[in-house]
Amino acid sequence: QVQLVESGGGSVQAGGSLRLSCAASGRTLSIGAMGWFRQAPGKERIFVAAVSWNGVITFYADSFRGRFTISRDNAKNTVYLQMNSLKAEDTAVYYCAADPPLKGFSRSRFQTQQNDYWGQGTQVTVSS
């Protein structure tokens with residue numbers, strides 16, 4: 001099995017930055033594409049960004065392109081989300097997810113949240 005554990009959340013002032021991490025453990029060879037999602041209070045969980053297994057290809061939901069950057073370090077089995085110019089509306093629980101390599105890098109799987117592995121989430125609170 002694969003376990004995903006997010007970290008790096010916390011409280012920050014508007015305009016500040018945070019870098020989230022998601023570390024994979026277990027059968028890490030079963031991890032291909034990875035991505036980030038978030039769920040704001042009272043709202044549905046939405047897709048933020050995803051990255052291919054080799055880190056070369058990324059894609060973002062339009063709302064986050066330019067402010068957020070996804071990256072990964074396969075030597076550490078970790079995916080990151082660098083978040084800049086944070087706003088109060090970025091307050092949410094942030095989740096990472098992953099798919100096994102055999103499922104490729106499917107934008108639709110991330111956009112419809114059909115991914116196989118999920119973390120428990122990390123809270124980000126942005127105060128204005």
For a 4.5 angstrom cut-off between non-hydrogen side-chain atoms, does [X] reach [Y]?
X	Y	answer
W118	Q113	yes
L20	M83	yes
V5	S25	no
M34	C22	yes

Does atom CD of Q120 have more than 12 heavy-atom neighbours, drawn from other residues, nucleotides or ligands, at distances under 6.0 Å?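 Atom CD in Q120 is not packed in, count stays at 12 or less.
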
Are there over 12 heavy-atom neighbours, none belonging to R65, within less than 6.0 Å of that residue's CZ? yes

Rounded distance (nearest 0.5 Å) linking atom [atom1] of [X] with atom [atom2] of [Y]:
X	Y	atom1	atom2	value
E89	R38	CD	CZ	8.0 Å
E6	Q123	CD	CD	12.0 Å
I46	Q111	CD1	CD	12.0 Å
S127	L86	OG	CG	10.5 Å
T69	N84	OG1	CG	6.5 Å
R19	S7	CZ	OG	9.0 Å

Can a donor-acceptor pair be found, under 3.5 Å and without considering hydrogens, that links the side chain of [X] to the backbone of [Y]?
X	Y	value
T91	T125	no
T112	S108	yes
S106	G104	no
Q39	E44	no

Per side chain to side chain contact (heavy atoms under 4.5 Å, CB included), Y80 is matched among V51, D73, I70 by D73

Stepwise salt bridge (Lys or Arg N to Asp or Glu O under 4.0 Å) test for D90 and K87: CA-CA 5 Å; D90 293 318; K87 309 172 185 178; over 6 Å; no

Which atoms form the tightest heavy-atom contact between [X] and [Y], and what is the distance?
X	Y	answer
S85	R67	O-NH1, 3.0 Å
D99	F110	OD2-CE1, 4.3 Å
I57	F105	CG2-CE2, 3.4 Å
A97	N115	CB-CB, 3.9 Å
W36	V79	CZ2-O, 3.7 Å
A98	I31	CB-CG2, 4.0 Å

same_hphob_cluster([X], [Y]) at 4.5 Å side-chain heavy-atom cutoff:
X	Y	answer
Y95	V2	no
V93	L81	no
F68	L18	yes

Pair Y117, C96 - check side chain to side chain contact (heavy atoms under 4.5 Å, CB included), show working. CA-CA 8 Å; Y117 311 119; C96 73; over 6 Å; no

Between F47 and F37 (judged by ring centroids, cut-off 6.0 Å), do the two rings come close enough to count as a pair? yes

Please confirm whether R107 makes a cation-pi placement over F59, using NZ or CZ under 6.0 Å from the six-membered ring centre and within 45° of the ring normal.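 Yes - R107 lies over the ring of F59, closer than 6.0 Å to its centre and within 45° of its axis.
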
